[in-house]
Amino acid sequence: KSSVQTIGEEQIQNPYTELLVLKGHQDIIRFLVQIDDYRFASAGDDGIIFLWNAQTGEKLYELHGHTHKITAIAPFSSSDVTEEKTDLIITASADRTVIVWDCTSGRQVQKVSCFHSTVKCLTVLQRLNVWLSGGSDLCVWNRKLDLLCKTSHLTDAGINALVELPKNCVAAAVGKELIIFRLSASNNGSEGWNILEVMRLVDHQDNISSLVSVNDLTFVTGSHIGELIVWDALDWTKQASECNFWDSSVHPDVQPEIKLSQSPHETSVQHLTSDEECVFAAVGKGIYVYNLQMKRVIACQRTAHDSSVLHIEKLPNRQLISCSEDGSVRIWELREKQQLPAEPVPTGFFNMWGFGRANKQANQAAKMHENTPVYFLELVGDLIGHSSAVQMFLYFGELGLATCSADHLIILWKDGERESSLRSLTLFKKLAQNGDLQLKL
Amino acid sequence: MISAPDVVAFTREEELEDDLYREPPLPEEYSVPLFPFAGQGANPWAKVAGSKFTRDFILISEFSEQVGPQPLLTIPDDAKVSGTFDLNYFSLRIMSVDYQASFVGHPPGSAYPKLNFVEDSKVVLGDSKEGAFAYVHHLTLYDLEARGFVRPFCMAYISADEHKIMQQFQELSTEFSKASECLKTGNRKAFANELEKKLKDLDYTRTVLHNETEQQKKANDKGYYTTQAIEKANELASVEKSIIEHQDLLRQIRSYPYRKLKASEFHPYEPEGAPDQADVGSNQDLAASDPTEPGESHLYAHVPSYTPKLIKAKSAKCFDKKLKTLEELCDVYFFTQTLDQLHHIERTFRGDVCYLLTEQISRALLKQQSVTNFLFEDVSFLDEKPPEKQYRGCQGLGQDAIDEKCLEESLAPKVVISLGSYKSSVECVPIKMEQEMEDSEEPKMSESVLSEHQENLDYLDADIKGSISSGESIEVLGTEKSGPGLTKSESQASLPVMPSPQAGRSKVGSRRTVSEDSIEVLSTCPSESLIPEDFKASYPSAINEEPYVDDDEGGLRFTPRMNPGVDDDGQDDVSKQESLVQVDAACCIGKESPNFLEPLPGLGQKPCEEDGVVRIPPQPYRPAEQGLRGGFPSHEGLSAGLLPCELDSRYLSGSRELSKGSLDEGSDSTSYISSAASTCSDRTPSPARLGGAAGERHRKRAGQNALRFIRQYPFAHPAIYSLLSGRTLVVLGEDEGMVKKLVTALSIFVPNCGAYTKPVKHWVTSALHLVDFQKWKLIGLQRAVSPAGANVLHALSRYSRYLSILDADSKTLRCPLYKGAVVGRLADHRTQIKRGSTYYMHVQSILTQLCSKAFLFTFCHHLHLPISEREPEESVVSRRMNFLKLQLGLANEDIKIVQYLAELLKLHYIQEPGQGGNPLLRFDYVPSFLYKI
């Protein structure tokens with residue numbers, strides 16, 4: 001009935017055996033942003049920003065200031081040696097304001113309300129010590145919230161995404177277009193900056209929904225109809241593109257009813273993430289792994305979830321976490337398939353080889369295997385807790401995983417073993433504090 | 001609950017016992033002849049089975065000046081209870097042993113009548129003919145119309161079990177004192193009220209008379225007085241005298257010395273709060289007349305201002321008028337309060353004495369286990385009394401500073417105890433100690449105190465002797481003011497009764513024989529404030545009972561703490577103390593009762609007998625060990641002396657060899673095994689609170705349901721395992737009653753997550769959410785055939801990994817596998833236990849074992865942390881598993897139970913008092929199985 005892969009109740013590799021529910025929000029939570037090693041902020045449609053301790057789940061601050069839902073949030077920590085380190089977060093809201101908050105004191109530092117439209121994205125350029133807000137135009141601000149410069153009116157729809165590129169450039173996704181801007185110091189003033197439009201890239205057929213920088217040399221964009229384009233970050237030329245790797249016609253094993261239900265929404269590239277080798281794309285209900293060197297999809301899970309995948313992230317240990325509108329979070333592991341060349345390839349694996357392979361002859365595929373390893377995504381665990389769409393998650397390494405959802409809850413998933421031993425440690429510390437412990441070793 | 005059910009094989013159940021458990025009768029040849037006196041609920045251990053009443057009751061009697069002793073009311077107010085028992089006769093008996101030093105009237109050399117504020121007297125008497133034993137509490141109420149202004153009353157707790165009265169004497173005394181205090185408070189108010197009215201009357205009468213006299217004077221200018229005029233003048237004079245008398249009485253009643261009140265924390269009837277000592281008396285009784293007094297206003301608001309009336313100057317104390325009822329004497333409010341208190345007493349002391357004692361002991365011991373007791377015990381009793389004042393004096397002191405200071409302190413409370421009233425000695429000890437710490441002239445003071453005490457004793461002595469001579473048919477035992485002294489003995493089991501140095505005064509206890517006289521007064525305590533501590537301790541030994549567990553002497557309890565640092569100074573001080581003790585035998589007698597003395601750390605004394613047999617019958621527990629309130633942690637001295645072998649193997653089967661790291665942690669478990677006294681504490685006689693009838697009934701019902709559950713459902717074990725390992729169990733069913741019954745049954749297996757209510761939700765109709773599993777570990781859920789019902793089921797399947805689901809309709813269970821051994825002992829479907837409350841106790845005792853294992857596991861340092869810094873985590877993990885498997889003897893899933901309990905303990909201990917703490921949900925990724933009948 002459903003082609004979604006399931007995993008039983010026995011999940012040996014799933015480390016998350018303890019959870020904490022963090023309550024506070026009154027509406028959909030859309031954003032989680034990490035402030036430092038143990039703190040994170042959450043924001044959503046209720047316009048409130050909460051600061052949490054990721055270890056204890058303690059609510060640190062409740063920041064009120066916005067009257068409408070939050071549309072963008074970005075951390076802005078100054079790493080200046082001269083100044084003392086302050087952790088700031090910038091939040092933009094549908095009330096057309098941007099507020100800078102101090103995470104240490106929980107107070108509002110400054111508020112800007114001179115926007116003509118909702119700011120939809122925020123990017124901090126640490127290198128230049130400025131931050132950019134993208135709405136119907138693109139503004140450049142310094143730390144003190146002085147408007148340094150802005151572009152002319154670009155679009156009514158607003159900028160969807162911003163990404164920093166080398167050589168003081170930024171790429172902005174505006175509808176179907178990708179516009180490259182360059183920041184340059186102005187000639188007349190020391191603090192002055194100019195922003196110039198350098199190039200407009202119109203290769204996408206539909207709105208660009210995601211934009212991610214891979215490394216200093218490449219960045220990747222994805223669009224609503226499932227186009228994935230790899231760009232050169234320096235000269236902004238198209239390096240490679242996949243335009244229909246979601247297309248079911250190239251996958252003979254897919255059942256017809258799924259094909260029928262195929263809609264633009266289900267092929268939309270919702271989120272992109274990358275490591276040095278691969279780009280991971282959340283496309284519709286599926287997850288695709290695109291290898292930059294081989295320039296092809298090396299592994300995929302066409303129906304990783306019951307509904308759209310909203311966020312994916314790569315963990316250091318070859319694991320991948322995805323969350324979806326179906327309310328679940330799944331942990332995947334990218335594994336190398338050890339396949340003997342002589343063995344006939346079962347058709348069921350076609351979908352894992354990715355684009356352009358599947359409809360070819362089996363022996364051709366087998367030939368390919370001889371020189372390139374075959375990968376597949378294996379489900380190693382799932383986290384079920386939210387009763388509604390999981391909007392985003394934040395991976396805190398040892399501290400666990402924070403997920404936020406449309407059910408107004410944040411869940412902190414933790415490694416039960418680790419937490420247990422931490423509690424023991426605390427216990428014996430407290431005993432020693434109280435002077436109750438006499439060690440006899 | 002610590003008490004093992006086999007210790008208390010006899011647990012009383014009411015007649016409500018379920019028919020389901022009525023076993024088919026045994027074949028004739030196997031049946032044992034029935035106990036001849038056995039009726040429904042008869043007590044086979046009762047010494048006197050021939051008593052004419054069915055169960056214990058409380059009797060209130062009055063020595064009426066018109067008709068003599070008469071019973072007023074019984075509690076419970078049920079004719080069946082007293083049965084054929086002759087209440088009139090018994091009233092006569094109990095009223096005849098009134099040793100109150102009540103004296104009201106015109107003392108020689110005093111112009112006005114004097115109210116004497118006497119203390120209540122407490123007497124235990126037995127009537128062997130009637131098979132009745134009674135604790136009798138005499139009190140005096142004031143009545144303006146009564147002879148000598150007094151109305152003697154008494155409240156008696158009547159039981160067929162002599163031991164019950166004797167062993168619960170202290171508790172009975174405390175509880176009845178509360179009732180008496182309540183009555184007397186109300187009576188003082190009413191009396192003052194009455195006096196005021198009388199004064200107004202007199203005042204009015206005087207005015208009228210005065211006016212008449214004046215008129216006569218004016219009308220009469222003959223120069224001589226008519227007989228009429230002389231009569232009037234005489235009348236006026238007598239009215240004036242009467243006014244002065246009544247004013248004096250009013251002053252007296254208002255200046256009632258609130259000796260007791262200031263020392264007692266018992267003020268439920270005093271809305272004004274703790275009265276200020278200085279002007280308390282007047283305030284107290286002014287309140288009665290002052291309608292604006294906030295607390296009392298509602299009581300008097302409806303009383304219109306009194307209109308005085310003309311009265312005769314000489315109000316004759318005649319026999320024809322009706323005496324006030326008890327209710328009128330002490331104000332309706334206070335009267336009902338008293339009745340409530342008496343009903344409470346009746347409930348509290350209902351049942352077999354063995355049961356009562358075990359209950360008291362286990363309760364008191366449980367209170368000490370602050371680290372683990374929250375897990376399976378009723379939260380109600382834990383909250384009952386917030387931690388009282390600790391023994392501040394000793395607590396703050398370091399080990400090194402103890403010797404001198406502690407000794408000084410230890411002298412002070414002892415002296416205080418011996419002079420003060422019982423109550424004040426209890427509550428005032430810590431305060432007085434501090435005062436006397438500052439006082440450099442302490443020894444002198446104690447000298448004077450002693451002499452004062454001596455006087456008191458003499459007075460007491462005379463009083464008692466007077467009483468004895470008055471009634472020939474009464475054999476009074478144990479009234480000797482100094483009982484046999486008990487010298488210090490290392491033995492825990494036997495209590496050699498040694499004559500005190502003042503052997504001449506002491507009376508060696510003799511077994512009371514059933515004498516010809518039908519009434520024997522077993523002991524008397526004529527006046528609470530006068531009776532010295534040791535006297536209380538000694539009266540049981542006078543009849544060769546097991547002496548009261550006596551840690552009465554604050555001073556002695558410090559000795560173990562002093563001894564570790566035995567230096568010359570310390571010993572000097574000790575001997576000084578001993579010599580002081582010799583000076584006044586009455587002060588020290590009984591104080592060295594070795595029973596609950598702390599085993600001296602240096603001696604390595606074992607808390608229990610070698611063979612593990614407890615030879616000591618249940619002793620009335622004196623909760624002196626409150627020093628352990630903070631759990632084991634606060635006692636370095638205690639833990640220092642413990643050796644591994646002292647951990648009792650009975651409680652930790654399989655953990656004979658405890659590694660050294662666990663020594664500290666073991667101390668707490670030792671303390672409850674041995675009930676060894678802690679070194680410093682204050683003594684608060686906390687009467688046994690048996691949780692009230694409601695709790696009792698709930699327990700019984702839960703136990704019954706649980707028994708039925710384990711018999712009916714073959715998959716009871718995995719279900720119980722789910723609860724014990726913290727996996728939420730959902731009971732799904734259409735019928736609310738059935739689901740609730742199952743939830744009640746299973747609730748006794750649910751560990752508490754904190755000091756809140758049990759995480760049990762009896763009935764839910766909406767879909768469950770993840771947050772619910774954090775809050776509740778046992779949920780009754782409605783199965784409904786509606787869209788909402790489908791939603792509920794969908795949520796269940798979605799969160800199935802966090803849940804075990806017991807379907808009450810189709811009798812299936814979906815939950816993880818269980819292969820351990822603990823639950824098998826907990827819930828054996830072939831168990832011979834038939835009564836609900838017995839099974840409840842069985843469950844509690846096994847859960848307590850689990851708790852102690854979890855405690856050890858939690859607090860063994862090296863099981864959780866590496867011994868050296870270089871030690872890898874893996875070896876710690878393997879050590880941990882080894883401990884669980886080999887030392888604690890746990891198999892398979894039992895490990896998970898203990899681990900879960902350990903997590904709860906950790907969370908509980910770590911948690912800061914103020915914070916609620918985030919409830920966290922722990923779970924495992926384990927496959928579930930479907931069980932069917």
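Every chain is numbered from 1, with letters handed out A, B, ... down the list of sequences. What you see is a predicted model, and the numbers here were worked out from it, not measured in a lab.
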- Message: I'd like to know if the side chain of B/Y799 and the backbone of A/G385 have a donor-acceptor N/O pair within less than 3.5 Å.
- Response: yes
- Do the non-hydrogen side-chain atoms of A/T17 and B/R922 ever get within less than 4.5 Å of each other? no
- Crowded around B/K775 NZ? As in, over 12 foreign heavy atoms under 6.0 Å? yes
- Region of A/K414 that comes under 4.5 Å of a non-hydrogen atom in chain B: neither
- A/E417, CD: over 12 other non-hydrogen atoms inside 6.0 angstrom: no
- Relative to the ring of B/H864, is the ring of A/F428 parallel (under 30°), tilted (30 to 60°) or perpendicular (over 60°)? tilted
- Message: Using heavy-atom distances under 4.5 Å, tell me whether B/Y802 contacts chain A through its side chain, its backbone, both, or neither.
- Response: side chain
- Message: If you count heavy-atom pairs within less than 4.5 Å of chain A, which of B/H769, B/R801, B/E903 leads?
- Response: B/R801
- Message: So if I take each residue of residues 392-410 of chain A and look for any heavy atom under 4.5 Å from a heavy atom in chain B, which residues do I end up with?
- Response: A/D407, A/L409
- State the OH-NZ distance between B/Y909 and A/K430, to the nearest 0.5 angstrom. 6.0 Å
- Query: So which part of B/I910 gets closer than 4.5 Å to some heavy atom of chain A, the side chain, the backbone, both or neither?
  - Reply: both
- Task: Tabulate, in ascending numerical order, the residues of residues 25-37 of chain A having at least one heavy atom closer than 4.5 Å to a heavy atom of chain B, or enter 'none'.
- Result: none
- Query: So which part of A/I411 gets closer than 4.5 Å to some heavy atom of chain B, the side chain, the backbone, both or neither?
  - Reply: side chain
- Heavy-atom pair with the smallest gap, counting every atom of A/Y16 and B/F923: O-CE1, 3.2 Å
- Task: State, yes or no, whether a side-chain contact exists between B/F859 and A/S424 at a heavy-atom distance under 4.5 Å.
- Result: no
- Residues A/I384, B/R798; criterion side-chain contact (heavy atoms from CB on, under 4.5 Å); working and verdict: CA-CA 8 Å; A/I384 294 173; B/R798 180 176 174 80; 3.9 Å; yes
- Message: Distance alone, cut at 3.5 Å: any donor-acceptor contact between the side chains of A/S420 and B/K906?
- Response: yes
- Item | Verdict with reasoning, B/L920 to A/L19, per side-chain contact (heavy atoms from CB on, under 4.5 Å) | CA-CA 6 Å; B/L920 49 84; A/L19 62 84; over 6 Å; no
- Can you find a heavy atom in the side chain of B/V926 that is under 4.5 Å from one in the side chain of A/E10? no
- Message: To the closest 0.5 Å, what do you measure between CG (B/L905) and CZ (A/R423)?
- Response: 11.5 Å
